[in-house]
K.L.:
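Got a structure for you, questions after.
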Amino acid sequence: MRTLNDSMYNSYKCWLQTSLPEEGILKTINPLLPKEGYRIRQLNNHISIEGGSNAGLIYGTFALHRRLAAGHDIDCEGAPRIARRVINHWDNPDGSIERGYAGKSIFFKNGELNYSIEQVNDYARLLASIGINEITINNVNVSAEGAKLLTDMLPDVKKIADIFRPWNIRISLAINFESPVLLDGMPTADPLDPNVRLWWEKRVEEIYSMIPDFSGFLVKADSEFIGGPVAHGRTEADGANMLARILAPFGGVVYWRCFIYDCLQDWRDSTIDRPKAAYEIFMPQDGLFEPNVILQIKNGPCDFQVREPNSPLLGALKKTNRALELQITQEYTGQQIDLYYLGTQWEEVFSFPVDDKLVLRDLMGKKINCIVGISNIGNDENWTGNILAQANLYAFGRLAWDPSLTAGEILKEWIPMTFGGNTEVIEKIYEILMRSRETYEKYTTPMGLGWMVNVHSHYGPSPEGYEYSKWGTYHRANYKAIGIDRTSKGTKFTLQYHPSLTAMFDDINKCPEKLLLFFHRLNYSHVMKNGKTLLQHYYDLHFEGVEDVEEFIEIWKSLEPHLPKKAYDNVLERLKLQLKNAIEWRDVLNTYFYRFTGIPDAKGRKIYE
Ligand code: GCW
């Protein structure tokens, strides 16, 4: 990662720019190792790095750096557990980034690929340092302008691919399924129309003539007002397979996103339940997809909320390749203003049960051999806006390499690599980052409720912002109760899980309390395991969340003498904004429930009328 310590960054940069042996380090290819694997040994007068290929040498070199910084033994071996470790950018041709919080795109400007080779190369090295081996450079919401990446902008895509290649990173493109219509005025984009197939064949041939290791297409279809095969009376499998068959001879794949739901729902209609949608659409098509189709599934069944159960589809599909999609950019999780280390959340995602024996981690690298993260970088000086948000990109890469790492282990690598070896600095940053997710959850929407954010921006509180809207994201709070009954007696969402999980989530006494309001509709008087009413628990968490942020600020201030000024100011400025945000959430939500219930806080703290 780029660090704030310039001298460290520069030596790091020089060290890694060459694949020739540096003084004292001997690099050799050992074909007996896995292709992307490495082995490091400290010998008498030098360090030996063996790699299964050049890629293995790159990863070995970074591993050595990491181990030195974290104070680990140098002797080690490594190989990735997951084959495809992918970053998706939601960058638009005009240079904006959908849900980006760290400046503008490093790839696009004014409708074209317009970039600094040095910056893109820096970025490629940064991604290689955490083991990423694939990148999609454009937004899944592909405008008519973005569709031109397949045609007018293709020569520039090739140039970008050339920059990434030496770092063992392949390129893929997000495409608009309607491209034949958008780009060439064809009468239809029906996947079963022979002319449409011919059109795509031409595109694919052209791409591979320029980018022989092109990875494939990423497709958001039939989703959020974007066209797809269903609009032509076909199935998702028809659409994905048409493209997959064309890509297969070249070794390409199709990433087909499963983020499909009714985004024109009538809030009055409580028979539709948004989290059920992906499973209902894709399970009946399990086994119908070509082997080079990868269904890309968000971790939760809703949409990257602060806490959701895992999507049942991840465990349920049996005959179809799939990818786990995580969001590194902090859309619903504080927008790189509020502190939010995602490592702890992802550790829970991996630990979430699939059935009565296995957790998701057990499927990774086996049934699920692809992981995708939505990028959190932009052209900001420190890449991520908030320097501490770098930890999220780092954690994503490390977990993609080895899903058995814990969130804490990862931080113990990242903090010293970024801020040096001062123990006080390491311990205090570790503490605030490890607590950060739970703190954010406390002052926003704990217990799995989610949403209640300002419409569109998704930052700050608006308890009814999405309540009467078309997006299908309701909590249905009234004077007595809140939440949706998603049990087998309610919307039946829980039936999409393995029976052991259905039983757990259905039973109010067995359902994890942190997910209680995701699965159940409860009276405010419901008694929690700690003996408090649901309402009092809610009030308490909101007060605590603000107190946590105040404490974070004090902890951060105590580190001033030990941190580079830029880093110190960068985070302090954001912590102050976070405090404002936390207070707003606390007061708006406490008042919201107080107005419904008329029940004051048991501890007499201020709740506004
Ligand atoms: O979370 C929602 C975001 C959209 C995004 C969409 C998706 C790229 O609000 O901005 O669009 O998910 O994942 O497709």
Side-chain angles (χ1 to χ4, degrees), residues 1 11-70 72-87 117 120-135 158-172 208 210-216 250-253 364-366 369-371 394 396-405 413 417:
M1 306 292 289
S11 62
Y12 174 47
K13 192 164 154 180
C14 297
W15 183 35
L16 294 160
Q17 244 157 9
T18 167
S19 54
L20 296 171
E22 298 87 6
E23 212 183 322
I25 298 179
L26 186 65
K27 297 185 181 179
T28 43
I29 303 251
N30 176 352
L32 297 177
L33 292 173
K35 245 181 143 230
E36 294 183 307
Y38 58 82
R39 181 191 291 152
I40 309 177
R41 292 278 176 269
Q42 192 163 18
L43 303 170
N44 282 344
N45 52 1
H46 70 275
I47 293 173
S48 141
I49 304 179
E50 293 166 85
S53 65
N54 259 327
L57 283 181
I58 292 173
Y59 299 139
T61 307
F62 285 110
L64 174 60
H65 178 69
R66 191 166 58 234
R67 296 181 81 84
L68 287 172
H72 293 154
D73 274 354
I74 285 180
D75 285 12
C76 66
E77 287 184 30
R81 280 260 310 268
I82 298 172
R84 291 176 177 269
R85 306 176 298 280
V86 188
I87 292 285
I117 296 178
V120 171
N121 187 55
D122 270 3
Y123 181 51
R125 182 175 58 245
L126 187 154
L127 291 185
S129 78
I130 52 170
I132 299 303
N133 64 3
E134 187 173 328
I135 185 173
K158 175 203 156 22
K159 287 184 198 154
I160 299 255
D162 291 344
I163 302 176
F164 278 99
R165 186 172 301 109
W167 298 101
N168 192 43
I169 298 171
R170 295 162 79 193
I171 293 266
S172 43
Y208 279 92
M210 295 167 100
I211 310 169
D213 56 352
F214 182 74
S215 172
F250 301 93
V253 298
M364 300 309 296
K366 295 177 186 140
N369 211 1
C370 177
I371 182 163
Y394 185 80
F396 173 78
R398 297 293 290 133
L399 285 169
W401 184 275
D402 180 1
S404 69
L405 287 170
E413 294 173 359
M417 276 198 290

K.L.:
If you measure from CD1 on Ile171 to CD1 on Ile163, what distance do you get to the nearest 0.5 Å?
P.N.:
8.5 Å
K.L.:
Distance-only, no hydrogens or angles: does the Ser53 side chain make a donor-acceptor pair with backbone N or O of Lys35 under 3.5 Å?
P.N.:
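Yes; at least one donor-acceptor contact below 3.5 Å.
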K.L.:
Name all residues meeting the side chain to side chain donor-acceptor pair (under 3.5 Å) criterion together with Asp402; count only those two or more places apart in sequence or in a different chain, and write none if there are none.
P.N.:
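Counting only residues at least two positions away or on another chain, Asp402 forms a side chain to side chain donor-acceptor pair (under 3.5 Å) with Ser404.
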K.L.:
In Å, rounded to the nearest 0.5 Å, how long is the span from CD1 of Ile169 to CG of Leu127?
P.N.:
4.5 Å
K.L.:
Would Lys159 and Asp162 pass as an ion pair if we require N to O under 4.0 Å?
P.N.:
no
K.L.:
Taking the side chain as C-beta and beyond, is there a heavy-atom pair between Leu43 and Leu26 under 4.5 Å?
P.N.:
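No. Closest side-chain heavy atoms not under 4.5 Å.
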K.L.:
Roughly how far apart are Leu126 CG and Ile87 CD1, rounded to 0.5 Å?
P.N.:
9.5 Å
K.L.:
Which heavy atom of Glu36 sits nearest a heavy atom of Pro80, and at what distance?
P.N.:
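Of all heavy-atom pairs spanning Glu36 and Pro80, the closest is OE1-CG, 3.3 Å.
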K.L.:
Determine whether a donor-acceptor pair (N or O, by modelled atom type, separation under 3.5 Å) exists between the side chain of Asp213 and the backbone of Arg170.
P.N.:
no
K.L.:
At what distance, to the nearest 0.5 angstrom, does CD1 of Ile74 lie from CD1 of Ile49?
P.N.:
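Reported value, rounded in 0.5 Å steps: 9.5 Å.
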K.L.:
Is there a donor-acceptor contact under 3.5 Å from the side chain of Arg85 to the main chain of Gly131?
P.N.:
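Pair found, side chain donor or acceptor close to backbone of Gly131.
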K.L.:
Measure the spacing between CZ of Arg165 and CD1 of Ile160 and express it to the nearest 0.5 Å.
P.N.:
12.0 Å
K.L.:
Give a yes or no on whether the backbone of Ala79 and the side-chain of Tyr59 come within a donor-acceptor separation of less than 3.5 Å.
P.N.:
no
K.L.:
Mind checking whether Pro212 and Phe250 have side chains closer than 4.5 Å, heavy atoms only?
P.N.:
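The answer is no, as the side chains (C-beta and beyond) never meet within the 4.5 Å cut-off.
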K.L.:
Going through the checks in order, is the side chain to side chain contact (heavy atoms under 4.5 Å, CB included) test met by His46 and Arg41?
P.N.:
CA-CA 9 Å; His46 70 275; Arg41 292 278 176 269; over 6 Å; no
K.L.:
Measuring from atom OH of Tyr38 to atom CD1 of Ile58, what distance do you get when rounded to the nearest 0.5 angstrom?
P.N.:
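The OH atom of Tyr38 sits 13.0 Å away from the CD1 atom of Ile58.
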K.L.:
Using a cut-off of 6.0 Å, state whether more than 12 heavy atoms not belonging to Ile117 lie near its atom CD1.
P.N.:
no
K.L.:
Counting C-beta onward and ignoring hydrogens, is there a side-chain heavy-atom pair between Phe396 and Ile371 closer than 4.5 Å?
P.N.:
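Yes, side chains in contact.
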K.L.:
Please examine the side chains of Glu50 and Leu32, heavy atoms only from C-beta on, and report whether any two atoms are closer than 4.5 Å.
P.N.:
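No - every pair of side-chain heavy atoms lies 4.5 Å or more apart.
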K.L.:
Looking at Met364 and Ile82, what are the two nearest heavy atoms and their distance?
P.N.:
CE-CD1, 3.7 Å
K.L.:
Between Cys370 and Val86, what is the shortest heavy-atom contact and its length?
P.N.:
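The pair with the smallest heavy-atom distance is SG-CG2, 4.1 Å.
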K.L.:
Is there a side-chain contact between Phe164 and Val120, using heavy atoms and a 4.5 Å cut-off?
P.N.:
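In contact.
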K.L.:
How would you list, by chain and number, every residue that makes a salt bridge (charged side-chain N to carboxylate O under 4.0 Å, His left out) with Arg84, sequence neighbours excluded?
P.N.:
Glu134
K.L.:
Specify the closest pair of heavy atoms between Leu405 and Leu399, including all atoms of both residues, with the distance to one decimal.
P.N.:
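Nearest heavy atoms, Leu405 then Leu399: O-CD2, 3.4 Å.
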K.L.:
Check Asn54, Asn133, Asn121 against Trp167 for a side chain to side chain donor-acceptor pair (under 3.5 Å) and give me the one that passes.
P.N.:
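The single option meeting the side chain to side chain donor-acceptor pair (under 3.5 Å) with Trp167 is Asn121.
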